[in-house]
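This report concerns only the one structure given below.
Atoms within a ligand are numbered from 1 in the order they appear, just like the ligands themselves. Residue numbers start at 1 and run along the sequence shown.
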Amino acid sequence: MKVCKFGGSSLANAEQVSKIVDIVLSDSQRRIVVVSAPGKRGDDDTKVTDMLIECANRAFVGREYGDILAAIIERYAEIQRDLNLPAGIMAEIEKDLRFRLAGDKSHKGSFLDCMKAAGEDNSAKLVAQAFQSRGVNAVYVDPREAGMFLNDDFGNAQLLDESYLYLYRVLAHRDDIVIFPGFFGYTRDGKVATFPRGGSDITGSILAAAVKADVYENFTDVDSVYPVDPRLVPEVKCGIAAMTYREMRELSYSGFGIFHDEAVIPAVKAGIPINVRNTNRPDEPGTLIMQARRVDPGAVVGIACADGFCSLYVDKYMMNREIGFGRRLLEILEDEGVSYEHMPSGIDNVSVVLREKNFDHDCEARVIKRIRAEMSPDDVMVQRGHAMVVVVGEGMHCTVGLASKVTTALAEAGVNIEMMNQGSSEISMVFGVKSEQRTQAVQSLYHAFFTTQL
Ligand code: ASP
């Protein structure tokens, strides 16, 4: 059995919804369909979820919301009209939205979640009708009835473990096609709670794990996952055919933007292969992400790059002999609530790489003051404006000379390496470079690994 999730761009208009129906019907293994709320129809359009948030915020403070509500309803009405679906569904959708708007406003997070969830919920009802209008035995399934129970961390909810059993019982052995709204579930006391933004991916991955699917297909608007960000290397054409979960994690950690890491945890834990595919080009095989794959020596699967890092450099003669030095340094960061990303070190110095967004100038001043007072360093400084370039591939552990290939490529491109880090897992190498050199860095590595013979 396959669980398929369709993102907002696949729900944007009637033409896209028809593609969903065609795709699902073209493979009898596709039994569970998770849908997002309608997304953008073009660059200057607004996602239905964003419109719902705006509407909810206005309603919460008692401001007029009629125009935005009408615009939301129109997004669904356009699909209903263009697909010639029975008009009754529109009355149902409008009633649902008004009911939510009139709901309990004593807790803002709960009220907002109830409104946000309307995007996916009504999408699923409409899509179920689109299937039915083609004579297909498809049904909308309510997450509450299916047992999708979440905790009450509104906007950031987590699945309650017992849900897997309920979902299995309700969904695993059915004759019909299930249309399931993504992004939300219910608390034990019946309140709507949503996952973080983009959370329909989480729903899809939970359902795939719950029913022990053969594959979790994630349909989006790209053919596959690319080995480099096409915005940095526009000529990249060929996507990644297969990669492991670990490779995906390394790539997405560095801003590769495939999924939230959290989104795929349920599928990863259950060992379900994930297939990223394109709704607009369904014949493309996409990218398969799985537990293990055959690796060729030297093969690099992708090069990721993320901006917005800084390094906290601390130098002290004989640091390597000072027991507890690293712990005390990290304790100062811990007291400030700052997590660290990498920690390359020498004998007498250490750099702690941090995300700039977690380390503002006030925080920096407090940390430096404490390091000076408590650790008596010879030098301490912060350098901002770094990017991390990550070269990823399971084949690294059986390849000699890979680091030299990276450093040669960077040197030839005139990119200065500020920091290097390779974990003992040998699945990735991280290079810190100045932000302004990141495009050159990624382009040179792309050419070294993907366009030149190994
Ligand atoms: N509609 C929600 C969002 O825009 C969830 C999703 O599309 O996955 O974040």
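- Between the side chain of N275 and the main chain of P285, a donor-acceptor pair closer than 3.5 Å is present.
- Both the sub-6.0 Å distance and the 45° axial angle are satisfied by R144 relative to the ring of Y186.
- Figure legend: cation-pi geometry between K5 and Y216 absent, as NZ or CZ is not positioned both under 6.0 Å from the six-membered ring centre and within 45° of its axis.
- Just one residue in the list Q383, E418, H386 forms a side chain to side chain donor-acceptor pair (under 3.5 Å) with K434, and that residue is E418.
- Counting only residues at least two apart or in different chains, side chain to side chain donor-acceptor pair (under 3.5 Å) contacts with residues 15-24 comprise Q16-K19, Q16-N280, K19-N280, D22-R134.
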Under a 3.5 Å threshold, I'd like every N/O contact between ligand 1 and protein atoms, with atom names and distance.
unit_1	atom_1	unit_2	atom_2	d
ligand 1	1 (N)	T49	OG1	2.7
ligand 1	1 (N)	E120	OE2	2.7
ligand 1	4 (O)	K47	NZ	3.4
ligand 1	4 (O)	T49	OG1	3.4
ligand 1	4 (O)	R197	NH2	3.0
ligand 1	7 (O)	S36	OG	3.1
ligand 1	8 (O)	G198	O	3.3
ligand 1	8 (O)	G199	N	3.4
ligand 1	8 (O)	S200	N	3.0
ligand 1	8 (O)	S200	OG	3.1
ligand 1	9 (O)	R197	NE	2.7
ligand 1	9 (O)	G198	N	2.8

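- Counting only N and O atoms by type, the side chains of D201 and N218 include a donor and acceptor under 3.5 Å apart.
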